[in-house]
K.L.:
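Below is a structure I'd like to ask you about.
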Amino acid sequence: MNPAILRLALLGSRGSWRRLVGIAAGVMLGVTLFLLLWGAYQGLAARDTRTSWMNLNGSYSDDLAASFEPSDSQALVTQESDSYRGRSITLMNIAAPPTTSLNIDGLQSTPRSGEYYASPALRSLVASAPADALGDRYGKMIGVIPNALLASPDSLTAVAGRPAGTLVERSNVMLVNDLDGRAYPLSGNYQTVTVIGGIAVLLPVLLLVSIVTQLGAAQRRERFATLRLIGAGPRVVTTITAWETAATSLIGGVAGVVLAWLLRPLAALVNVNQGTFFASDLTVSVPISVTVVLATVVASTLTAIFRIRSTQIGPLGATRQIAERRPTWVRLVPLSAGMGTLLSTTLGVLLGVPIPMVSMLMIGGFVLTALGLIVAGPYLTLFASRVMARFSRSAEGVIAANRIRRTPAATFRAVSGLVIAVFMVSVFAGAATTGTPPAAVAGSVPSSTLIQNITGELGPAQKLDNDMDAALATVERVPGVTKVATLFTTDGSDRSLDGMFVLSAGSAQALGFDNLPSGEFFGLPYGYTSAVDGPAAYEPVLADTVTGESLLFASVVLVGTDGTMAALERARTALTLSSLGPIAQGTSGTVAELHAAGFDKMAASYAGLAYLGIGVATFIAAFSLAISAVAAVLDRKRVLGLLRLLGMPVSSLRRIVSYEAAVPLLAVVALSIGLGFAVAQLILVGLTNGTRTIGWPDPLFLVALVASAALAAAAVVTTFGAIRRNTEVTSTRFE
């Protein structure tokens with residue numbers, strides 16, 4: 001092909017250069033986002049691999065305390081969740097003799113009693129905290145856990161050596177023959193949600209690339225019309241289109257790979273699934289990067305070729321806009337099929353019907369629904385334009401309605417990025433509500449009280465063990481501690497105390513309990529740390545019941561504090577170091593901390609991913625909508641210029657453009673929001689067999705909607721200057 005023809009068609013003016021740079025920039029942004037998302041997906045898998053050393057295989061036994069004998073080839077291990085000032089600490093306790101042959105690969109040796117290894121983040125935290133508030137809990141630090149064993153740079157992890165007698169009585173202790181962890185395969189639900197989340201963010205990216213390649217399409221058609229007038233055939237025009245799109249997409253794709261690599265340290269700071277990333281986690285391999293770039297180039301080129309052939313530029317160079325084929329109700333079929341798949345699969349799961357490949361059906365139904373929304377958009381836009389034309393009472397409204405009616409697909413394409421983003425934001429926001437734990441119980445244990453579960457010790461009728469009594473006295477002397485009390489349970493001989501803890505009224509008052517019943521003792525339900533709809537149901541307990549023949553066991557230690565964080569942390573450390581250690585079950589915590597620890601952390605991680613998806617989808621929508629708005633003005637500058645020549649003021653032209661953006665948005669956005677929450681509900685219910693549902697969205701969803709509306713308005717406003725420039729008399733050209 002003659003190079004002069006290429007220069008004339010592609011690089012004939014400064015505007016052509018700007019158009020090509022804009023296309024390359026849009027492709028670059030799309031490729032960058034895709035590679036960062038792909039890297040994050042790989043990073044989550046890399047986290048599981050690095051922390052597999054914590055997934056130990058061992059045996060549990062109720063009589064382990066009686067049968068255990070120290071051995072060089074065995075160890076006792078417990079895994080617990082500690083905390084410091086609201087930050088969760090992952091703690092592995094190991095009891096093994098000094099001569100043990102067991103060791104965690106990556107650590108110099110197995111810590112002895114009173115020694116521990118800490119992650120870099122925990123080491124810094126220990127150094128910044130008073131010893132009696134944190135560091136003393138674990139003993140002497142003898143080393144640092146390497147990054148190769150950590151989920152993220154900010155992981156707070158400790159491996160502490162303990163005496164065997166401290167661990168052997170605990171209910172969660174296991175006897176292990178090695179310290180080699182096994183990587184657990186991801187659950188099917190987790191993989192399904194991850195794939196759906198990836199598709200949800202990827203679809204707006206693909207729309208962005210599709211929209212940006214349309215930038216300046218009208219200008220390009222005008223240049224191709226000139227080529228047709230001087231004798232170029234359709235094949236030449238198609239070849240030029242292919243070369244133009246392929247070259248700009250390739251440049252943009254390569255730039256996207258470079259930009260993704262440069263942005264890794266910044267993207268790694270995003271907190272996902274309770275931790276940030278190492279920059280290396282987001283590195284995408286060269287073969288995958290090359291595949292993404294080539295796929296982008298091929299897809300963009302084929303799309304451009306299809307569109308240039310559909311414009312029907314004739315041998316006389318006619319470039320008048322051709323009316324689109326009118327969309328019909330058939331466009332609703334994919335959307336209906338997607339929702340039908342999700343609904344039928346969910347109902348089948350709830351009814352107990354055996355359904356093969358539920359996860360694949362959920363993913364397929366989600367993809368069909370999302371694509372169906374895009375396919376149905378032009379038909380819904382056409383319907384809205386008819387309503388607008390019928391009730392419009394202004395020239396601007398009539399012109400806008402008829403233009404939408406003539407080109408519903410092109411009109412909807414301009415706002416499709418925002419429509420699909422609102423849909424994805426609604427899905428994410430709906431899914432995020434399942435990760436929001438309900439409020440802690442009201443009216444039960446005061447928020448300033450630490451709770452420590454213990455193995456039952458004889459209570460008031462038979463006196464507490466002397467060691468336990470001394471331990472409680474030691475904790476009560478800690479600065480900031482106001483009262484130490486115990487909750488008792490019955491041996492079952494008194495049915496009136498079933499499901500109840502017993503606490504003396506005097507201790508309860510000292511701890512700060514409110515609304516206590518009259519009497520010397522009262523009962524507190526077992527679920528006092530769970531979420532309920534109101535205050536805990538306190539019940540009076542007769543003194544004779546407590547002091548009679550029934551055996552009562554001290555099962556929970558309550559440590560009241562003055563409410564300061566320093567007092568809470570000192571008390572937590574004192575409980576860890578006290579002689580309660582052998583009978584302690586897990587670590588201590590307030591009602592809020594225990595409730596958060598008991599809540600499904602996987603659901604909480606889904607919520608974090610959902611909020612991240614909201615931000616990404618909204619950002620992509622902003623960029624794609626701005627590109628669409630500018631492209632729409634450039635594509636219609638001939639029509640707008642003619643209206644200006646006929647005497648229509650610029651303000652009226654601006655209203656026409658505003659109507660053309662608002663009508664398809666109003667026609668589809670409400671449906672997008674409703675479908676988004678419906679899809680989130682069906683997926684959650686179907687994957688969890690009805691154990692999880694969505695709730696009311698939090699204010700972040702409303703913020704995202706307001707931001708989307710503001711972005712839409714801003715995108716339209718940015719076209720106002722272009723409308724004036726491109727509709728001047730000197731800018732209008734005739735055929």
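Start at 1 with the first residue, then count along the sequence.
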K.L.:
Using the side-chain contact (heavy atoms from CB on, under 4.5 Å) criterion, which residues pair with A279? Sequence neighbours excluded.
P.N.:
none
K.L.:
Are the side chains of V27 and T296 in contact, using a 4.5 Å heavy-atom criterion?
P.N.:
yes
K.L.:
What residues, two or more places apart in sequence or in another chain, satisfy salt bridge (charged side-chain N to carboxylate O under 4.0 Å, His left out) together with R50?
P.N.:
D281
K.L.:
Please evaluate residues F423 and T369 with respect to the criterion side-chain contact (heavy atoms from CB on, under 4.5 Å), reporting the C-alpha separation (whole Å), side-chain torsions for both, the decisive distance (0.1 Å), and the verdict.
P.N.:
CA-CA 10 Å; F423 170 73; T369 303; 4.0 Å; yes
K.L.:
Rounded to the nearest 0.5 Å, what separates atom CG in L269 from atom OG1 in T276?
P.N.:
6.5 Å
K.L.:
Between the side chain of S52 and the main-chain N/O of T49, is any donor-acceptor distance below 3.5 Å?
P.N.:
yes
K.L.:
Quick one: are V419 and L671 in side-chain contact, heavy atoms under 4.5 Å?
P.N.:
no
K.L.:
Are the side chain of T32 and the backbone N or O of G256 linked by a donor-acceptor pair below 3.5 Å?
P.N.:
yes
K.L.:
Using side-chain heavy atoms (C-beta onward) and a distance below 4.5 Å, is P153 in contact with F278?
P.N.:
yes
K.L.:
CZ/R406 to OG/S385 distance, rounded to the nearest 0.5 angstrom?
P.N.:
13.0 Å
K.L.:
Quick one: pull up OG in S392 and CD1 in I399 and give me the separation to the nearest 0.5 Å.
P.N.:
9.5 Å
K.L.:
If you take all heavy atoms of T301 and V297, which pair is closest and at what distance?
P.N.:
OG1-O, 2.7 Å
K.L.:
Got a donor-acceptor contact below 3.5 angstrom from the R331 side chain to the Y379 backbone?
P.N.:
no
K.L.:
What residues, two or more places apart in sequence or in another chain, satisfy salt bridge (charged side-chain N to carboxylate O under 4.0 Å, His left out) together with R405?
P.N.:
none
K.L.:
To check you understand the geometry: which heavy-atom pair defines the closest contact between G372 and P334, and what is its length?
P.N.:
CA-CB, 3.8 Å
K.L.:
Taking all atoms of both residues into account, what is the closest heavy-atom pair of A400 and Y659, and its distance?
P.N.:
CB-CB, 3.6 Å
K.L.:
Check whether any side-chain N or O of S344 sits under 3.5 Å from a backbone N or O of T341 as a donor-acceptor pair, and report yes or no.
P.N.:
yes
K.L.:
Return yes if some donor-acceptor pair links the side-chain N/O of T345 with the main-chain N/O of L342 below 3.5 Å, else return no.
P.N.:
no
K.L.:
Are any non-hydrogen side-chain atoms of T346 and M362 less than 4.5 angstrom apart?
P.N.:
yes
K.L.:
Do any N or O atoms from the side chain of S155 and from the backbone of S152 form a donor-acceptor pair under 3.5 angstrom?
P.N.:
yes
K.L.:
Kindly indicate, with the supporting measurements, whether the criterion side-chain contact (heavy atoms from CB on, under 4.5 Å) is fulfilled by V375 and L335.
P.N.:
CA-CA 8 Å; V375 173; L335 181 61; over 6 Å; no
K.L.:
Which residues satisfy the side-chain contact (heavy atoms from CB on, under 4.5 Å) test with A401, sequence neighbours excluded?
P.N.:
M388, A389
K.L.:
Side-chain polar contacts of residues 259-267 - donor-acceptor pairs under 3.5 angstrom, sequence neighbours left out - could you list them?
P.N.:
from	atom 1	to	atom 2	distance (Å)
R264	NE	W261	O	3.1
R264	NH1	T283	OG1	2.5

K.L.:
Does a side-chain heavy-atom distance below 4.5 Å link L373 with S672?
P.N.:
yes
K.L.:
Looking only at non-hydrogen atoms, find the nearest pair between V663 and I404 and report the distance.
P.N.:
CB-CD1, 3.8 Å
K.L.:
First locate atom CG of L380, then atom CG of L332, and finally report the distance between them rounded to the nearest 0.5 Å.
P.N.:
6.0 Å
K.L.:
Among residues at least two apart in sequence or on other chains, which ones pass side-chain contact (heavy atoms from CB on, under 4.5 Å) with A678?
P.N.:
M339
K.L.:
Once you round to the nearest 0.5 Å, how far does CD of Q42 lie from CZ of R47?
P.N.:
13.5 Å
K.L.:
Quick one: pull up CG in L368 and CD1 in I363 and give me the separation to the nearest 0.5 Å.
P.N.:
12.5 Å
